[in-house]
Structure formats: structure tokens, C-alpha cells
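Just below is one structure, and these are the notes that go with it.
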Amino acid sequence: MTTVLASLNQALRRSLTASLDVMVLGEDVLDPYGGAFKVTQGLSSTYPERVLATPVSEAGIVGLGVGMALRGLRPVVEIMFGDFLMLAGDALVNHAAKFRWVSNDRVRVPLVVRTPMGGRRGYGPTHSQSLEKHLMGAAGLRTVAASALLDPGPMLEAAILSDDDPTLFVEHKLLYAQQIGAGLDGGEYQVQSAGERYPSLTVRLAGAPAPRLTFASYGYMAGLALEAIHRLAYEYELFAEMVAFTQLVPLCLEPLAQSVRQTRALLTLEEGSGVLGWGSEAISALVEELGPVFDARRVSARPVPIPASLPLEQAVLPQVEDLVRAALAMSNSDRSGSMRRSNG
Amino acid sequence: MTTVLASLNQALRRSLTASLDVMVLGEDVLDPYGGAFKVTQGLSSTYPERVLATPVSEAGIVGLGVGMALRGLRPVVEIMFGDFLMLAGDALVNHAAKFRWVSNDRVRVPLVVRTPMGGRRGYGPTHSQSLEKHLMGAAGLRTVAASALLDPGPMLEAAILSDDDPTLFVEHKLLYAQQIGAGLDGGEYQVQSAGERYPSLTVRLAGAPAPRLTFASYGYMAGLALEAIHRLAYEYELFAEMVAFTQLVPLCLEPLAQSVRQTRALLTLEEGSGVLGWGSEAISALVEELGPVFDARRVSARPVPIPASLPLEQAVLPQVEDLVRAALAMSNSDRSGSMRRSNG
Amino acid sequence: MPAELTPAELYRQMLRIRRFEETVLEAFPRGWFYGTTHTGIGQEANAVGVLGLRKPGEVVVSNHRCHGHFLAYGGSMTALAAELMGRATGVCGGRGGSQHLIDKDFYASGVLGGTLPLAVGMALAERRRQHLVIAFLGDGTLGEGAVYESLNLAALWRLPVYFIVENNRYAQTTPIHLHLAGEIPARFEAFGIPVEERDTTDVLEIRDLAESGLDRLRRGSGPQALVLHTYRFSPHSRGDDLRDPREIERFRQRDPLRTHGARLRPEDRRPIEAEVEQEVHQAFEAARAAPVADAASITPALGQGT
Amino acid sequence: MPAELTPAELYRQMLRIRRFEETVLEAFPRGWFYGTTHTGIGQEANAVGVLGLRKPGEVVVSNHRCHGHFLAYGGSMTALAAELMGRATGVCGGRGGSQHLIDKDFYASGVLGGTLPLAVGMALAERRRQHLVIAFLGDGTLGEGAVYESLNLAALWRLPVYFIVENNRYAQTTPIHLHLAGEIPARFEAFGIPVEERDTTDVLEIRDLAESGLDRLRRGSGPQALVLHTYRFSPHSRGDDLRDPREIERFRQRDPLRTHGARLRPEDRRPIEAEVEQEVHQAFEAARAAPVADAASITPALGQGT
Ligand SMILES: Cc1ncc(C[n+]2csc(CCOP(=O)(O)OP(=O)(O)O)c2C)c(N)n1
Ligand SMILES: Cc1ncc(C[n+]2csc(CCOP(=O)(O)OP(=O)(O)O)c2C)c(N)n1
Ligand SMILES: [Mg+2]
Ligand SMILES: [Mg+2]
């Protein structure tokens, strides 16, 4: 068994080995430190010319990556905390995502921007966010999120070596230490995969009755959903299945549509605040696809900054209990207000 | 009758007159030029100390505004084109929107960031966008959009003088020349307003049969919706009503819920591309509120950059015909694909 | 652009830009174009003096005021005219328009400052091929933080970028004293980047400066900067020009075409003028005859990988 | 902070910071805290030497390494301890944590560089009240473009901001030669901002420098900068310290507390040390006894206007 961290690290190493065009850049990525979350550990020792520590210049280094990609390299830029991604917002939205199309498809931008997102470590309001929703909607940018359910290493490798468009590659901090596939290997779950490069998984309890509820999720929340599925089944006899995405945008709806056609009830889960979030995209796209044949709610962070203090952070970020509660409320068609939404 | 431009300009003037704390900053805002779209015309002549031309530093001047607001001023920062707003993304998301809450509500950030958005003028991929969706989801930030249906001047004035939280104030370029309330004053429409500071309007043809379809929109698209309502009624005998919002986030759902409870069909309209857009928020929030009792689609830009050439730009941005077509498709429950959505 | 940078050739290149842009401004009211445009009439010597020395494969990074750079780089005048007219045959098939020109070794975009990190990244890539990057920016663009992140990166890694500042003394309508503190060369020196500065519109002077700068770069000097104090006679874009007409008149005294044109004998100059007239005329005629961009040609923003 | 900046008082203030932060690092493994923290052990003379001279109403803008600034500014040690422990009585009620301290005239945030435009905006507001703003930044933060946008704005409008660069020779783990090109003072001179530079950890030297700097500012000089070359003995945050232990040892020779402490007679120093020990102990005890932040206290992010 291997951890998400090790798999991502090895994917970077394989990519550097596979192609001289691959370069890895970011703040503090050099050995012996190997990056704030150690994802680049060991790389600079083997490839000192192609692994570069940068100044603290998020806009600059993402723009740098765009320029490198336009001239034939396949750069991987690490943003130390996803919270700083807005600094590179213009580089991503107005440069990375546009050059190919605006050039009339004459150029390519094979850039990967990797970044850890997420909270639950007490890092406070500017080091705990899940800000991917602010960039995901940009046409010309692909957003992929690592998950522990499905080895993210090959996905990262594909994004680097094979994908000619810019990719935002999101890694929830708490995934790094998780074992890949840990929850899924005991035979307790029945798993079905769809899609090739960045697949989605449909997961349900093996041998259970037909699910009455669909969770749609990604990243760390997908792990929480697994727990919720377990608890809902054993404590409440409510059977749910989950569709866990790795490619967040463009969203390949089919597996979700397939599940929701059966369950007619959808809960989207994301750790960031829900307003204009990924869940809203999933729900809307599905309504457009299926029509008004399913109920839906979003579970997400409360719409406030993420506080540093443990009890406050726990109250703001969605927990397994919130998923369970939302699922129960939904199955009771209780419209008294969805989870984690307030007036802020 | 007065134009949106004149009303916004007068609101700025009234604000500067009302309080010595108000300052207006931006690129090229000084007379005789008065700003790229002339919204600040005349202000620097009357208030030379409080109307400042800035360097070309979008991140800097929005951050400056946050600092000014934290120390008792009520700054209004103009971003010359909304396309450059991502440069100030960090200042908005991590600073403007956070300080109040993180300080445990001890400080206030009464900042207004105004910016023209939108295309249809051939300005090409970096001067035509509607990027508000990338920032709207930030907790702690209010987003208001000017419309020509309802005088935006008093709203801007309230945002400056009375609102203690940061406001992103979006002005579609094509609204500036429009007469306020022009479409609504002939008695053809029945209009109902809800909310106080940033109201929404529910508009339908006077004396028409009960509407079978709801448009939800804002800004320039609200004007197109009015045209579409007219055409749908007279050419297709399909009766629609519109809820036009000025406060985009937080979204006050009630007027929309009221309409959709009747029509059971919702079309959201926005000029930006739809993925993780405002329409997705509106649809999802409404599903959460009402349950699966209405059909919904989004009309938005095709998910590509906005091209410079006229026929290409017209094909990418949603036109009245697209609204009409989407409305007809929806009323026929045709699920063959919603308007302007493709696989990009 | 021909290798032989004779005085006559320099004149021709500047005149091509001048006549192209004058035609754009004249023809705008006739409805040939859609949108807007930024011309650099008066600044031609910068583009020609520097880019005349470009070698194949060396990269140009430009900005909103890019027609002159594009033509001096060797871009097709017809494709440029077509791009401004939104034709399928335009540089970017009509997608980019006046300020977004992307060609083999040429990149312009309309977001000020954002192109500088790109230029530095390109230099990182081009270093492998012993190529360099020439990046243009205006005085106003020095307001953008991305510029300084770029200078630091370029200097730290000794990357082959030639920063050419065209100081036309205005950012749109804002005069430099209202938008820039201190002196421009010091902005580069602060990062240890050698900088030369000249207040000139003489294409020969600029060519000589660029020649030595490019030479240093090609010999591995690391980044270099050249600050050219210049002036634009045309308005910022299409709109009103609110500058003092006497100021414009004063700077017209050193119109680069006049200064350099005076060096040629009239009998050498006239055929050039006739040829350029012909070239510009044909470029616009060809562009006008080209098919407009077709909505059916719209491709998705994301492809399917390699 | 008392007006009377005697040597004894300077020692006390530095020691308060030192002992506070040492206690934080010691207590972390005991589970008193959640999250992480950045201490500035070794850099105390900067905070104390500069902020000891702050007048009421003058504003401090700080960064991720803010405990020392906060205590030297006059912030409550108990409230700071409580904030680090996520207590309701913390500076920000536990919402901010170690790197987000917001107090009456004090603002720290964890996004590097983003605070500098805020500082300049505050100076624009404070100019009306004849107040000034003191803004701290590290060497690594000079990588951020927002810094240069801020310097330009501050210089253009001659705003009362005192930029204090604490160059501890590292950005996290990256030594300065890998992240910064050129020399730090030149980064300010490029904008016409007068700058003084000193390689010192002597609080008296720093106080004297700051005294003249603040004096100039209070007399309307416009922005000023002070570059202090310093060193941090503690790790960047809580994690491993990968610097060469000999390097750390070398810099420990000029531990500001040692340097300045040697000036005091032991009999004067000892009561201060005892008092500070007592103060720190009580601060943490009070904080530990305070109620943890309560989820019920969570307010919406948007209020209802005035
Ligand atoms: C990021 C950004 N901000 C603002 C603008 C609007 N704008 C276009 S050109 C211009 C002035 C640029 O001045 P300068 O860099 O001196 O170039 P010049 O126009 O003088 O050639 C401005 C502010 C822009 N295009 N991009
Ligand atoms: C915008 C941003 N990028 C990266 C970081 C992560 N980070 C925290 S401290 C630090 C190093 C800062 O170096 P410096 O400014 O010299 O301050 P020091 O830590 O040495 O006191 C980094 C990169 C951050 N907090 N903000
Ligand atoms: Mg200029
Ligand atoms: Mg440092």
C-alpha cells in the first residue's frame, strides 16, 4: 500500500525521468526540505537543473509556467498553499486558459499547477481554504482533484506528460498521509469506474439494497462520504451510493446521471463554501440533463472564513455528521434548510 | 429620463459630497478624461483631493482600498475593465472579505470595487469578459450588479455610504448608454419590487395569462430577457416572467421562489460562461428550497474565450434568439441539450 | 525582416508600420473594423531598431500596442489587417483582434504586465536552444507587480530576456509623473539587471543600442534592459486625445520617419514610399476580400490531450 | 509600551517576546495549541527597537511572524496566548490564530505581500490624522509583486509609511541568494524611497535608526525604509530546521538579548527576568483557563450595513 503523498511524489519523479521537457518549480521545493508538504521530496537531488526553488511570487511563477509551456516545456508549478492561488488568478484565467484558443489553436499550454487545499489542521483563515471553485469555471482550464480512493499518481503523470491543456491539480492536505484505496479494498464496497484519464468512481455497499441517495463528491470529502455511507446503512438503514470525481471540470455527468436516475436524490459534498461552488455546477448540470426528477442539496462549509480554533473550524467545515444529517433530512424530504447554509 | 452612466456618475458625486470619508480611486479617473467609461467624469474637478488617478496596479489599488476602509475611509476603487479583476482576486478574497469576520467583528471594510464587465463591443478576449462569477462565491463579499431596469445610482450610493462590508459592484458596459427604466415605463409590463437596498424586480407582461416560465437574470441580460419575453408572447404565445436581481450574492431567493412555484420552469441568464456561474447558484439554491418541482436550464456564453471578431463574438455570447430558443425548448421539455453548453 | 539592415531598409520598415497604422485609423470610421485598436504612430523606431536585429527563432513578447512589433518581427501585414477585420485569414482567425496576436515566435496580449512572467518563462525554455526573448513594455506597465516578480526571476536565473521599455510618457491618459515614482532605470538596477537609457527616436541610435544589448545577451549576459524615451502622436486608442496639442507638435519635430528619412536621398526614398503604399493597399484589400470568421469554426477551449 | 525607553525597558520588552515564544514552542508538543505558529526568536530587537517608539494611534502592519510585533506594539500577552489556543478571549476570539492578529491599531495576515497595499491605504487614511503606518516585511516577501505596487503608490503620494524589512536571510527554507536578485535597499531606491540599512541585532542601534526614521516621517518626509539584516534562531514554523547548526550557532553569538543584556547590571536584569517569567506564566495560565471559542458565537460574514 502506498500513500497519496508517495504516489504523487513518484508520479513527479516518473515524469521528470520520462521527458527532459518536464520541470518542477515552486517555493521551497528543493531537498532536503522537498516542499512544504514534501510532495517534491528527492526530486531536486536527482534532477537539480529541472527542479527549481522560486522566490515567493505566485503570479510570477504561474505566468512563468505559461511561458515555458508555450515554448515546448511541460512545467509543473507548485503553489505552496491553495489559498494563494488567487494571486495567480490572472495568470490562470487570462493567460494559461486563453492562449491556445485565442491563437486559433496554433499553440498549446501544457502546464500543471498543483496545490494543496483544505483545512482541518488549524492553519486558520489564509491557509485552510478550498478555493478551487474560484478558478474552475474558467473556460480552457481543466480542474482535477486528487482523491485517496483512486491512485492520483497516474492522473498527475498524465496531466504532466499527455495533457496539452493547462490543468489545475488540487490536493487536499489531509489526503497526503492517506493510504490509496484504503477504504475500498476490504470487499465491503462495490466499485465501478468510468472515464479514462481522470476517472470517476461509483461506490456502494456490496450486497446492499438499491441505494436511495447519491453523494457526489471529490477529494477529501469523498473519504468522509464513505464513512457516511457506512453509518447511514448500519445506523439508519438508509442506503446511499457515491460518485467520486477526479476531473471536476469539465464534468462528465454520465455516472452521476446514472446514479441519480435510480436514487432521485443528490447530495453534493465539498469542503469549500457552497455559493457558486462545484456542487452548484453538478446540481444544475444534472437538472438540465434529467429534468426535475430528483431532489438535491449541497453540503459545504459555512459561508464564513475558516477560523483557526479547533471547535470553530469543526463547526465551519463539513463533518461526517453533517453528511449523515443532510442525508437523513433529505430522505425525509425535510426542507427546513439544508446543511451548512446560512445567510452570510 | 437619465442614463445608467449619468446616474452612477451622480451617485458618486452625491457620495463625495455627503461624506469627507469617501474617496474615488482608479486608473485614468481624472478629468478631463473622467475614466475609460466616463463614470467618474467631473468628479476630480470638484474634489481634486479625494479623486485620485492611480498607477496601473489593480492588486495594489484594491488592497489600498481595503487599508483605507479599515482606517475609517469609504473608498471606491474603479477597475478599468472587469477582465483585470483577477489581479485583485487575492486582495478581495483574502483581505477585503476576511478582515471583518476574522477580527471577530471588531473592524469593518466599507469598500466598493466598481468595474465594467461584459462584451458585445469587439474588444476581444481580455476586455469583454464577465468574470464576476470567479469572485462572487467568496464569503464576506457582496456582489451587486447594475441594471437599466432599476436605477443603479441609489444602490451604488448605498454601497458607498451605508454598507459596511465590501461590495463588488458590476456594471455591464452596454448599460452605460441605456435609459433607466426605458423598457418598463410604457405600461406594457407589470412590475413588482422586492427587497430594500438592492431590490429585485419581478416583471411580466401586463394583462397576459399566467406565466409558464421564469427568467432569472441581472445586468445587461435582464434587458435581453425583456425582449425575449415580448417575442415569446407575441410570436409564440409563450408567457414568461422575469426576476431581475441586483444583489447577486447573497441571493435573496424569495421572489424567484414565488415565481417558479407558479411557472415550474426556470431559465437563468448570464453573459459569462455558465460553468460554476451565477445561474448554477440560483438553480441549486432553488432546488434546495423548493425541491424537484421545476425544470431548469442555464443560458450563458459558450465555454470559450470571447473572440474579437463580430460574428464569432455574437456566436459565443448569448443573444435574444438564444433566450427565445431556450425558452421554447424548455416549454417543449426538449432535453436535447441546453443552449450554449458544449463540451469545452 | 531582411538581414541587411541598411538605412533604406530601416526606413521602409518604419514606413510600413506608419502607413499601416494610419490606414487603420483612417478606415475605422468607415466601418472596416469592429472593437478598438491601439496604434503606436511615432514609436516605430523602437520596434524596427530592436526587432530588425532579431534572429530566427528568437521570441518577441508584445502588448496591447503590438502592430509595430508584429510587423517589425516579420509578421504578415495581410494577416494582421485580416485579424483587425475579424477575418478567417487573420493571424488568429479573428479570435484575437488588435491586441492579441499570437504567431510562431510572437505573443501579444491585452492584460498589462501579465506577459512579463510569460517572457521570462519562455526565456527559460529558449535558453536550451540558445535563443532569447525580447519583451516590450510601456511606462504604465511598470505599475504592475508582475513586472517585478519577472525581473527578479530573470535576474536570479540569468535568463536571456531583453526588456525594452517604451516610455511614451503616458499610461493611457495619465502622465508619467502621476503614475511612476523614481526613475525607470532604477527599477531594473534594483534587480541587478544592466540597463541602458536613451531619449531618442532615431532608429540608428536604437539599432546600435540594441545591437550591443543583443550581443551581450547572445553571449550569455543574462537579462538586459533598454529604456527608450519616446512619444506617441496618435491617440491612446481610437478615442479623443486629451494631451496638449502643442506638446504633440513639439514631439513631432522628432518624428522618427522625418529624422531618419532625411538621411535618404529623395530619389531613394520615393520608390520605397511607393512600394510601401502599394503593400499596405494590397494588404487591406486582400484582408477585405477574405472571408469573415465563421461561427462554425469555433472549437472547444479544451482539447483531448496530445 | 511605555514612553520611557530605558535600556532596562528595552531588555524587558525583548525578553517578554523571547519567553513568550519559547513557551509556545515548548508547549506545542503538550497539545496546548492547534495548527501551527511562526516564532521570531532572535529577531526581537527589530520589533522592540522600532515599535518602542510608536505613538498612540500609529498603525502597525505585520505578517505571519507577528507575535513579537504584537507584543512590542503593546498588545495583550494574555489575549495573544488565548488566540493561539483558540480561546474566546483571544485577540480575535480564536478566529485568527497565530498569524491573523487584528487589534485596534494592529493588523497581521498570513498572505505574504498582500498586507503592503493595505499599509499604504491605511497611510492614506491616517495622513488626515497626522498618524503614520509601520509595516513589517521579510526578505522573502520581496518576491511578491504587490510590494512594488505599494512602494510606487506610497512614493507617488508621499504617504507616511515606514517599511521595515527584516532580512533573516531565508524565505522559509530558501536562502536569500536563491530568491532575491540584487540588493534589498535598491528595491526601495528604485521608487525614490529613502532607505537605511544595517546588519545588526542591537536594539539600541535599531532604536536610534528608527527614531530618526520616524522623526522624518512625522515631519512629512513621505515613505521611508529601514532594512535590518537579522537572523532567526527558531525554525521557520514548528517543523524541522534544515539550516546548518553551525550557521545558527554563529548568529547566536549576536543574540539581541545577550548583546543588550550585557549592558545591564545583573542586579537590574534579574528582577526583570523574574517579572517577565511571572508575566508569561500568568498569561498562559489565564489563557488556558479561558473558555474555548464556542461554535455558537459564529456570526455571518456579511453584516447588515451600518
Ligand atoms: C492589467 C491592465 N490594466 C489596465 C489596462 C488598460 N490599459 C490599456 S493600455 C493602458 C496604458 C498602458 O500604458 P503603457 O504601459 O505606458 O503603454 P502605452 O499605452 O503607453 O503604450 C491601460 C491602463 C490593461 N490593458 N491591463
Ligand atoms: C503569498 C504567500 N506565499 C507563500 C506563503 C508561505 N510562506 C509563509 S512564510 C514564508 C517565507 C516568508 O519569508 P520572509 O518574508 O523572509 O519572512 P520570514 O518567514 O523569514 O520571517 C512563506 C513562503 C505565504 N504565507 N503567503
Ligand atoms: Mg506609455
Ligand atoms: Mg526571511
Side-chain angles (χ1 to χ4, degrees), chain A residues 58-59 83-84 86-87 89-90 92-94 97-98 101-102 124-126 129 131 133-140 249-251 264 268 272-281 283-285 287-298 301-305 307 333 335 338 341 343-344, chain B residues 58-59 83-84 86-87 89-90 92-94 97-98 101-102 124-126 129 131 133-140 249-251 264 268 272-281 283-285 287-298 301-305 307 333 335 338 341 343-344:
Chain A
E58 288 78 9
D83 304 69
F84 314 144
M86 299 310 288
L87 288 163
D90 185 71
L92 287 167
V93 172
N94 281 331
K98 288 207 188 354
W101 196 89
V102 171
T126 64
Q129 300 169 87
L131 294 184
K133 72 173 183 179
H134 291 290
L135 292 156
M136 242 189 255
V249 164
L251 195 56
R264 306 205 160 245
T268 64
S273 68
V275 179
L276 279 92
W278 178 81
S280 62
E281 175 62 29
I283 292 172
S284 306
V287 173
E288 292 176 324
E289 183 75 16
L290 301 182
V293 300
F294 66 98
D295 201 2
R297 316 269 176 95
R298 293 169 289 180
R302 284 166 77 158
V304 294
S333 288
R335 303 222 81 74
S338 29
R341 289 187 59 253
N343 224 5
Chain B
E58 288 78 8
D83 304 69
F84 314 143
M86 299 310 288
L87 288 163
D90 185 72
L92 287 167
V93 172
N94 280 331
K98 289 209 189 346
W101 195 88
V102 171
T126 64
Q129 299 169 88
L131 294 183
K133 72 173 183 179
H134 291 290
L135 292 157
M136 242 188 255
V249 165
L251 195 57
R264 309 209 156 238
T268 64
S273 68
V275 179
L276 279 92
W278 178 80
S280 63
E281 175 62 29
I283 292 172
S284 307
V287 172
E288 291 176 324
E289 183 76 17
L290 302 182
V293 299
F294 65 99
D295 201 2
R297 316 268 175 96
R298 295 170 288 181
R302 283 165 76 159
V304 293
S333 288
R335 304 222 82 74
S338 30
R341 288 187 58 253
N343 225 4

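As a basis for the values below, the full set of heavy atoms in this structure was taken, side chains included, without hydrogen atoms, waters or symmetry mates. In what follows, chains carry the letters A, B, and so on, assigned in the order in which the sequence lines appear, proteins first and then strands, with residues in each chain numbered from 1.
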Nearest 0.5 Å please: distance from the OG atom of Ser280(A) over to the CD1 atom of Ile283(B). 9.5 Å
Quick one: what part of Leu92(A) sits under 4.5 Å from any heavy atom of chain B, side chain, backbone, both or neither? neither
For the student: nearest non-hydrogen atoms of Glu281(A) and Arg298(B), plus distance: OE1-NH1, 2.7 Å
Top contributor to chain A contacts, counting heavy-atom pairs under 4.5 Å, from Gly89(B), Gly137(B), Gly272(B): Gly137(B)
Treating Asn94(B) as the side-chain partner and Asp83(A) as the backbone partner, does any N or O pair qualify as donor plus acceptor under 3.5 Å? yes
On a heavy-atom basis, the closest approach of Pro125(B) and Val102(A) is CG-CG2, 3.6 Å
NE2 of His134(A) to CE of Met136(B), rounded to nearest 0.5 Å, is 11.5 Å
Could you tell me which non-hydrogen atom of Val304(B) sits nearest to which non-hydrogen atom of Ala139(A), and how far apart they are? N-CB, 3.5 Å
Can you measure from CE (Met86(A)) to CE (Met86(B)) and round to the nearest 0.5 angstrom? 4.0 Å
Need one label for Glu58(A): side chain, backbone, both or neither, based on atoms under 4.5 Å from any heavy atom in chain B. neither
I need the Asp90(B) CG to Asp90(A) CG distance, nearest 0.5 Å. 13.0 Å
With chain A as the partner, which of Ala138(B), Gly274(B), Gly279(B) has the greatest number of non-hydrogen pairs under 4.5 Å? Ala138(B)
Considering all heavy atoms of both residues, which atom of Val287(B) and which atom of Asp295(A) are nearest to each other, and what is their separation? O-OD1, 4.1 Å
